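The chains referred to below are lettered A, B, ... by the order of the sequence lines, with proteins before strands, and numbering in each begins at 1. Bear in mind the structure is a predicted one, so any value in this text is a computation, not a measurement.
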Amino acid sequence: MGEEEVRITGGITPMHIILTAINSGVIGILAILGVVYTPVVPGVAALYPATAFEVAFGIWFGIWGAIASYIGCLIMNLYTGIPIVFAIPLSLSDFLAAAIPMAAFRLAKSDPELKTLKDWINYVISGVILSSVPGSLYYCYILLKIGWIPSWEAFWLSVISWNVGNYIVVLVITTPLLKILTNYVKRTGLYVKGWFS
Amino acid sequence: MSTRSFLFYLPRNSPFHKLNPLTKLVLVFSISFIALIVRDFELNFWIMVVTFILLLLTRVPLKHLKTPLLSIFFMMITLVLMYSLLSRVPGQHVYIVFPWGTYFTENTLIYGLTIVFRIVSMAFATLLLLATTKDTDIIKGLSAIKVPYVICFTFSLAIRSISMFADDWRTILEAYRSKGVDLSKGNIVERLKNYVGALIPLVVLTLNKVKDIDFAAESRGFRISGKGRTQFEKLQWSITDIVLIIISIMGFLYFYLKYKLGLDSINLYLFVIPLPEIPRILPIIYSFISHVISFIFSVF
């Protein structure tokens, strides 16, 4: 099958909802593995494989990838004992991790297959470096405010370990995922070219 | 009927299992907000104990809640360590000043433990809900309070798909092992690289499942709006539910008025209602222990 067989849908369809739900499951299970096996502070992992999929899903599936990241993180938070009243706002950090590369790729019209230098630069800046910064600052700031992180020293320690871990994970996992699977994703008809459809 | 659930539900004959999921949701939020409002060491300790007793009353064995309980235990240890090494809690005596500028006073552990008790109370309350409520019932509860159908459907399918992918992931890893591939070899980056090979089939399986479910849903006339859908089972309300909701709301109001607004009584213009004091139990225990010790010393 060729690239010309990309299915273009006019609006939001049940497929987008199902895509969101199923992707949430993948992110949820990978997030649980990260937080259970490499924890730093409650809900923060040194190595968080889910972030690799959050970046890829954001780039491939637009807003649906970002929503899936939110739900996956929410499930992980509940599964690892984070109280429900905190799990709901804290999960926004993973939404941001997918939303930043999603926005950057759509605004710059970059190709997820990373064919040109422009695509690579956009990917490294938005997908690798910037994707986890706002989410980590937001998540750790809330933890600082509610006392789970006791001081600014601990805050920066958590933010740095979060980001360094994510840089490694995204570089090692997301890059081959985008290079190898983008063409397949496009052929399945599940690729979301715009923000929503 | 299968009761398999990704979350921690275990069918038991306990009063909590019979409650309406919305009642449990109100109870969880009430306990969580009370734990957030109260800044007192002793009260937070008792809130944690009471929530733990409620969790035991569910008759769900603690072994079944191993993963979250281990995570909570780890959380406790990390928080105490972080407070010991990286906090600036003021106190009369500074015992250690660390080279990075934080210090340890006589209040450090008290403050750290207050935070620990608070978090653990909230986590136990969440487990109370998740251990006694099927994920489908949580969705039904959300549906009953008019949460849009599309959100309920997405959340429900997401929870169900986790078990599905846990199985797929296990199958892929076993396939790799059967070929003699050791994915856990090498340093952390090498291990991650090894796992990429296993993650690619997982993504392919995921996308194929999305297509299958999409075809199945669309062929059955699935609509995002959920308009025209009927419920096979309706949530039941009992007197116990209503009583528990009233107690939860009253409890929250009591702690909010007393500890957040600092009121000792409520002035309703026509009459004044004094807020009752919660008896302090720790001083009684301390006094009992000191009496026992002095008795032992007097005897010997």
Side-chain angles (χ1 to χ4, degrees), chain A residues 12-26 28-30 32-33 35-36 39-43 47 49 52-53 56 67-68 71-72 74-75 78-87 146-151 153-154 157 168-169 172-173 176-177 180-181 184-185 188-190, chain B residues 7 28-29 32-33 36 67-69 71-72 74-75 78-79 82-83 86-88 100-102 112 115 119 122-123 125-127 129-130 150 153-155 157-162 164-166 169 188-189 192-193 195-196 199-200 202-204 206-207 209-211 213-214 217-218 222-224:
Chain A
I12 299 165
T13 63
M15 182 201 79
H16 294 118
I17 306 302
I18 292 162
L19 182 70
T20 308
I22 301 285
N23 286 345
S24 308
V26 178
I29 190 92
L30 292 170
I32 290 164
L33 289 176
V35 170
V36 169
V40 180
V41 288
L47 276 178
F53 283 80
I67 296 171
I71 299 173
L74 181 68
I75 292 169
L78 292 178
Y79 191 76
T80 51
I82 305 274
I84 199 164
V85 283
F86 292 141
I146 58 177
W148 292 21
I149 288 181
S151 62
E153 283 84 357
L157 182 75
I168 298 170
V169 167
V172 176
I173 300 178
L177 282 183
I180 297 166
L181 286 176
Y184 176 77
V185 173
T188 56
L190 299 171
Chain B
L7 298 174
V28 168
F29 275 93
S32 297
F33 284 117
L36 270 180
T67 315
L69 288 177
S71 175
I72 292 167
F74 174 79
M75 234 189 255
T78 327
L79 275 169
M82 276 190 128
Y83 265 92
L86 293 168
S87 71
R88 287 192 179 85
W100 45 89
T102 58
I115 299 285
I119 294 168
M122 290 190 273
T126 304
L127 284 183
L129 169 76
L130 299 180
V150 65
F153 173 80
T154 310
F155 200 72
L157 187 57
I159 292 173
R160 281 170 181 277
S161 67
I162 283 192
M164 220 153 62
F165 290 110
W169 181 237
I188 198 80
V189 177
L192 279 175
K193 274 185 186 166
Y195 275 100
V196 172
L199 287 169
I200 286 171
L202 184 75
V203 176
V204 173
T206 305
L207 299 181
K209 282 213 169 89
V210 171
K211 283 168 71 181
I213 297 172
D214 179 37
E218 290 201 44
F222 172 80
R223 281 190 291 178
I224 301 170

Legend entry - Pick from A:Thr20, A:Ile18, A:Leu177, A:Ile71 with the largest number of heavy-atom pairs that fall under 4.5 Å of chain B: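 Most heavy-atom pairs within the cutoff with chain B belong to A:Ile18.
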Inset, instruction - Look at A:Ile67, A:Asn23, A:Val172 and state which one has the largest set of heavy-atom pairs under 4.5 Å with chain B. - result: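 Option with the greatest count: A:Val172.
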Legend entry - Shortest non-hydrogen contact from A:Ala154 toward B:Leu86: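 Taking every non-hydrogen atom into account, CB-CD1, 3.7 Å.
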Legend entry - Atom pair CD1 (B:Ile162) and CE (B:Met164), whose distance is rounded to the nearest 0.5 Å: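 The CE atom of B:Met164 is 10.5 Å from CD1 of B:Ile162, to the nearest 0.5 Å.
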Legend entry - Spatial distance of atom CG (B:Leu36) from atom CD1 (A:Ile146) [nearest 0.5 Å]: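 These two atoms lie 7.5 Å from each other.
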Legend entry - Side chain proximity check, B:Val203 to A:Tyr184, heavy atoms < 4.5 angstrom: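 B:Val203 vs A:Tyr184: side chains apart.
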Inset, instruction - Taking the side chain as every heavy atom from C-beta outward, state whether B:Asp214 and A:Leu190 have any atom pair closer than 4.5 Å. - result: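 No, too far: nothing below the 4.5 Å cut-off.
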Legend entry - Proximal component of A:Leu19, with respect to chain B [non-hydrogen, under 4.5 Å]: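 Both parts, backbone and side chain.
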Legend entry - Contacting moiety of A:Leu181, where chain B heavy atoms sit under 4.5 Å: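 Just its side chain gets close to chain B.
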Legend entry - Pick from B:Leu202, B:Val204, B:Leu129 with the largest number of heavy-atom pairs that fall under 4.5 Å of chain A: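 Highest number of heavy-atom pairs under 4.5 Å: B:Val204.
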Inset, instruction - For B:Phe29, enumerate each residue passing the ring pair (Phe, Tyr, Trp, His ring centres under 6.0 Å) test, keeping only those at least two apart in sequence or located in another chain. - result: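 Ring pair (Phe, Tyr, Trp, His ring centres under 6.0 Å) list for B:Phe29, sorted by chain: empty.
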Legend entry - For B:Phe153, all residues meeting ring pair (Phe, Tyr, Trp, His ring centres under 6.0 Å), sequence neighbours excluded: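 B:Phe222.
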Heavy-atom proximity to chain A below 4.5 Å, by part of [X]:
{"X": "B:Ala217", "value": "side chain"}
{"X": "B:Leu69", "value": "neither"}
{"X": "B:Tyr195", "value": "neither"}
{"X": "B:Ile213", "value": "both"}

